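Following: one structure in structure tokens, then a few remarks.
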Amino acid sequence: MVVPPLLRAVIMGPPGSGKGTVSARIIKHFGMKHLSSGDLLRDNMQKKTEVGILAKSYIDQGWLIPDDIMTRLMLNELKGLDRYNWLLDGFPRTVAQAEALDKECQIDTVIDLDVPFETIKCRLTARWIHPASGRVYNLEFSPPRVQGIDDITGEPLVQRDDDKPETVTKRLQAYDAQTKPVLEYYREKGLLKSFSGTETNKIWPHIYAFLHTKLPDVSQKDSAIPR
Ligand SMILES: Nc1nc2c(ncn2[C@@H]2O[C@H](COP(=O)(O)OP(=O)(O)O)[C@@H](O)[C@H]2O)c(=O)[nH]1
Ligand SMILES: Nc1ncnc2c1ncn2[C@@H]1O[C@H](COP(=O)(O)OP(=O)(O)O)[C@@H](O)[C@H]1O
């Protein structure tokens with residue numbers, strides 16, 4: 001039996017474009033391992049590790065964490081995933097990070113969520129998260145069953161400090177200046193697959209169809225429309 005090669009994918013898009021929301025659907029349907037730089041940093045901040053304390057001072061300002069720290073953190077986590085199909089979310093965010101990643105492994109595909117900035121701004125102020133799992137809710141789009149409570153664990157939801165309007169503006173500026181060149185970097189390599197739109201539910205079927213050409217759906221097929 002020929003074993004298919006493992007899939008190494010990256011999901012990109014501005015803050016609030018739906019990377020976490022789409023990643024959760026990808027994991028459910030295609031069983032990939034998900035590594036989110038934001039979730040990893042928030043976990044470190046909550047545990048007050050050395051990286052966490054340092055990261056907080058950058059994140060609260062809407063700035064990116066320095067490349068060397070971020071790259072070391074993520075490449076170290078990836079070592080434990082080398083036997084799985086994986087999806088990187090939030091990394092790489094600079095060309096220097098993308099180059100460092102290339103030295104370690106060959107990326108197969110980059111999913112780019114192309115969502116306009118105007119759409120994003122109001123989404124983020126209505127975002128609530130369950131920090132321990134990284135589960136993400138939105139008061140209008142995907143509210144929890146009970147207000148302020150995580151559906152699965154019953155634990156309280158919180159708002160992210162960096163979702164304040166003034167910090168969101170700085171994060172979008174950082175995206176334009178530092179992360180957009182990464183899209184170009186992957187486009188030149190022929191790896192970029194962009195999905196444009198203003199609603200996750202309209203973009204998702206296209207992402208699903210695209211990934212289904214590469215991986216089987218491992219979820220229970222109890223509905224005709226994959227969610
Ligand atoms: N109104 C609306 N909110 C959405 C949509 N897709 C995702 N969201 C919400 O927008 C916020 C940002 O999404 P998230 O997946 O966290 O984006 P990320 O920052 O790129 O990881 C969350 O509160 C989501 O629940 C959508 O199509 N419409
Ligand atoms: N690859 C990275 N390089 C530098 N900073 C990062 C990286 N990933 C996350 N961060 C920091 O963590 C913050 C939150 O990241 P994340 O949860 O991915 O935000 P969002 O999903 O809203 O884009 C970023 O605004 C940035 O300060």
Side-chain angles (χ1 to χ4, degrees), residues 10-27 34-45 51-52 54-75 77-78 87-101 111-131 133-144 151 157-164 167-179 182 195-205 207 227:
V10 173
I11 185 163
M12 293 186 61
S17 55
K19 298 182 295 295
T21 306
V22 169
S23 295
R25 296 183 189 187
I26 292 177
I27 295 153
H34 176 225
L35 181 56
S36 152
S37 57
D39 287 350
L40 187 59
L41 290 168
R42 281 184 288 279
D43 186 46
N44 274 275
M45 289 196 288
V51 168
L54 185 104
K56 188 168 165 46
S57 58
Y58 288 88
I59 292 178
D60 285 352
Q61 296 293 326
W63 298 335
L64 296 187
I65 315 298
D67 285 332
D68 54 335
I69 297 171
M70 210 54 225
T71 301
R72 211 176 316 127
L73 185 72
M74 293 299 282
L75 293 184
E77 285 293 313
L78 275 182
L87 174 68
L88 279 180
D89 165 2
F91 180 90
R93 247 174 163 101
T94 65
V95 171
Q97 292 178 13
E99 286 169 346
L101 179 62
I111 294 168
D112 164 39
L113 304 183
D114 178 25
V115 179
F117 280 10
E118 311 82 72
T119 307
I120 283 167
K121 280 202 164 182
C122 50
R123 277 188 194 180
L124 291 181
T125 46
R127 169 159 70 181
W128 288 76
I129 63 161
H130 177 243
S133 66
R135 264 187 293 282
V136 57
Y137 298 87
N138 184 280
L139 297 186
E140 300 131 38
F141 172 69
S142 54
D151 287 351
L157 301 176
V158 297
Q159 279 199 287
R160 283 171 44 176
D161 288 342
D162 60 339
D163 279 346
K164 290 195 293 275
T167 317
V168 167
T169 302
K170 286 203 234 159
R171 287 160 63 204
L172 292 174
Q173 284 164 353
Y175 180 82
D176 253 346
Q178 290 164 278
T179 309
V182 183
F195 298 88
S196 304
T198 55
E199 288 171 54
T200 299
N201 288 345
K202 290 202 178 144
I203 295 176
W204 166 245
I207 298 176
R227 275 286 159 92

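In listed order, ligands and their atoms are each counted from 1. It should be emphasised that the depicted structure is a prediction, and the values quoted were computed from it without experimental measurement.
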**Asked** With no hydrogens and no angle check, is any side-chain donor or acceptor of T119 less than 3.5 Å from a backbone partner on V115?
**Response** no
**Request:** Distance to 0.1 Å, residue and atom name: give those for the protein heavy atom nearest to atom 5 (N) of ligand 2.
**Result:** I65 N, 3.0 Å
**Item:** Heavy-atom donor-acceptor pair, R135 side chain to H130 backbone, under 3.5 Å
**Value:** no
**Request:** Can you pull out the closest protein heavy atom to atom 22 (C) of ligand 1? Residue, atom name and distance to 0.1 Å, please.
**Result:** V136 CG2, 3.6 Å
**Message:** If I apply the N/O under 3.5 Å rule, does F91 come out as touching ligand 2?
**Reply:** no
**Request:** Assess whether side-chain contact (heavy atoms from CB on, under 4.5 Å) is satisfied between W128 and L139, documenting all intermediate values.
**Result:** CA-CA 8 Å; W128 288 76; L139 297 186; 3.6 Å; yes
**Asked** With only distance considered, is Q97 within less than 3.5 Å of ligand 2 through an N or O on each side?
**Response** yes
**Request:** Give the residue, atom name and distance (to 0.1 Å) of the protein heavy atom nearest atom 21 (O) of ligand 1.
**Result:** G20 N, 2.9 Å
**Message:** List ligand 1 atoms under 4.0 Å from E199, heavy atoms only on the residue side.
**Reply:** 27 (O)
**Request:** Classify the contact between P14 and ligand 1 as side chain, backbone, both or neither, using a heavy-atom distance cut-off of under 4.0 Å.
**Result:** backbone
**Message:** Among all protein heavy atoms in this structure, tell me which lies nearest to atom 11 (C) of ligand 2, with the distance rounded to 0.1 Å.
**Reply:** L41 CD1, 3.6 Å
**Item:** Whether S57 side chain and L54 backbone form a donor-acceptor pair below 3.5 Å
**Value:** yes
**Request:** Note the single closest protein heavy atom to atom 24 (C) of ligand 2, along with its residue, its atom name and the distance in Å.
**Result:** R93 NH2, 4.0 Å
**Asked** Counting only N and O atoms by type, is there a donor-acceptor contact under 3.5 Å from the side chain of K19 to the main-chain atoms of P14?
**Response** yes
**Item:** Any N or O of G90 closer than 3.5 Å to N or O of ligand 2
**Value:** yes
**Request:** From the options L124, T21, T125, select the one whose nearest heavy atom is closest to atom 24 (C) of ligand 1.
**Result:** T21
**Distance from atom 26 (C) of ligand 2 to nearest protein heavy atom, with residue and atom** = W63 O, 3.8 Å
**Asked** Stepwise, does the salt bridge (charged side-chain N to carboxylate O under 4.0 Å, His left out) test hold for R171 with D163?
**Response** CA-CA 9 Å; R171 287 160 63 204; D163 279 346; 2.9 Å; yes
**Message:** I'd like to know if the side chain of T179 and the backbone of R93 have a donor-acceptor N/O pair within less than 3.5 Å.
**Reply:** yes
**Asked** Any idea which protein heavy atom is nearest atom 4 (C) of ligand 1, and the distance to it?
**Response** F141 CD2, 3.3 Å
**Prompt:** Does G13 come within less than 4.0 angstrom of ligand 1, counting non-hydrogen atoms of the residue?
**Reply:** no
**Complete:** In this structure, CZ of F91 is separated from CG of L101 (nearest 0.5 Å) by 5.5 Å
**Request:** Could you walk me through whether T21 and S142 pass the side-chain contact (heavy atoms from CB on, under 4.5 Å) test, one step at a time?
**Result:** CA-CA 10 Å; T21 306; S142 54; 6.0 Å; no
**Item:** Under 4.0 Å to a heavy atom of R127 - the qualifying atoms of ligand 2, by number
**Value:** 22 (O)
**Asked** Pick one: which of L75, L41, V51, L40 meets side chain to side chain contact (heavy atoms under 4.5 Å, CB included) with M70?
**Response** L41
**Request:** Give the C-alpha distance, both sets of side-chain angles, the deciding distance and a yes or no for side-chain contact (heavy atoms from CB on, under 4.5 Å) between V22 and I203.
**Result:** CA-CA 9 Å; V22 169; I203 295 176; 5.8 Å; no
**Message:** Among all the protein's non-hydrogen atoms, which is closest to atom 21 (O) of ligand 2, and how far away is it?
**Reply:** K19 NZ, 3.6 Å
**Asked** When rounded to the nearest 0.5 angstrom, what distance separates OG in S23 from CG in L87?
**Response** 4.5 Å
**Prompt:** Rounded to the nearest 0.5 Å, what separation is found between the CD atom of E99 and the OG1 atom of T94?
**Reply:** 8.5 Å
**For atom 8 (N) of ligand 2, the protein heavy atom that lies nearest, with its residue and separation** = S37 OG, 2.7 Å
**Item:** Where ligand 1 meets R127 - atom numbers and elements under 4.0 angstrom, heavy-atom basis
**Value:** 12 (C), 14 (P), 16 (O), 17 (O), 18 (P), 19 (O), 22 (C), 23 (O)
**Closest contact, heavy atoms only, G20 versus V136** = C-CG1, 4.4 Å
**Request:** Compute the shortest N/O to N/O distance between R160 and ligand 2 and return yes if it is under 3.5 Å, no if not.
**Result:** yes
**Message:** Just to confirm my output: which protein heavy-atom neighbour is closest to atom 27 (O) of ligand 1, and how far is it?
**Reply:** T200 N, 2.8 Å
**Asked** Evaluating non-hydrogen atoms only, which member of R123, K19, M12, R171 is closest to atom 10 (O) of ligand 1?
**Response** R123
**Asked** Quick check: does W128 get an N/O under 3.5 Å from an N/O on ligand 1?
**Response** no
**CA sep, side-chain torsions, deciding dist, call: D162, K170, salt bridge (charged side-chain N to carboxylate O under 4.0 Å, His left out)** = CA-CA 10 Å; D162 60 339; K170 286 203 234 159; over 6 Å; no
**Complete:** Counting from 1 in the order shown, the ligand 2 atoms closer than 4.0 Å to a non-hydrogen atom of I59 are 11 (C), 12 (O), 13 (C), 27 (O)
**Complete:** Short version for Y137: what comes under 4.0 Å of ligand 1, heavy atoms counted, is backbone
**Prompt:** Going by distance only, is there an N or O of R171 that falls short of 3.5 Å from an N or O of ligand 2?
**Reply:** yes
**Message:** Counting C-beta onward and ignoring hydrogens, is there a side-chain heavy-atom pair between M45 and I59 closer than 4.5 Å?
**Reply:** yes
**Message:** To check your reading of the model: name the closest protein heavy atom to atom 25 (O) of ligand 1, its residue, and the distance in Å.
**Reply:** N138 CB, 3.1 Å
**Complete:** With heavy atoms and a 4.0 Å threshold, my read on which part of R42 contacts ligand 2 is side chain
**Fill in**
In short, D161 meets T167 closest at the heavy-atom pair O-OG1, 4.5 Å
**Asked** Would you say G18 and ligand 1 have an N/O pair spaced under 3.5 Å apart?
**Response** yes
**Asked** Taking non-hydrogen atoms only, is S142 closer than 4.0 angstrom to ligand 1 via side chain, backbone, both or neither?
**Response** side chain
**Message:** Within the 4.0 Å heavy-atom shell around P15, which atoms of ligand 2 are there?
**Reply:** 20 (P), 22 (O), 23 (O)
**Complete:** Heavy-atom closest pair (A174 atom, G62 atom, distance to 0.1 Å) is CB-O, 4.2 Å
**Request:** Compute the shortest N/O to N/O distance between P15 and ligand 1 and return yes if it is under 3.5 Å, no if not.
**Result:** no
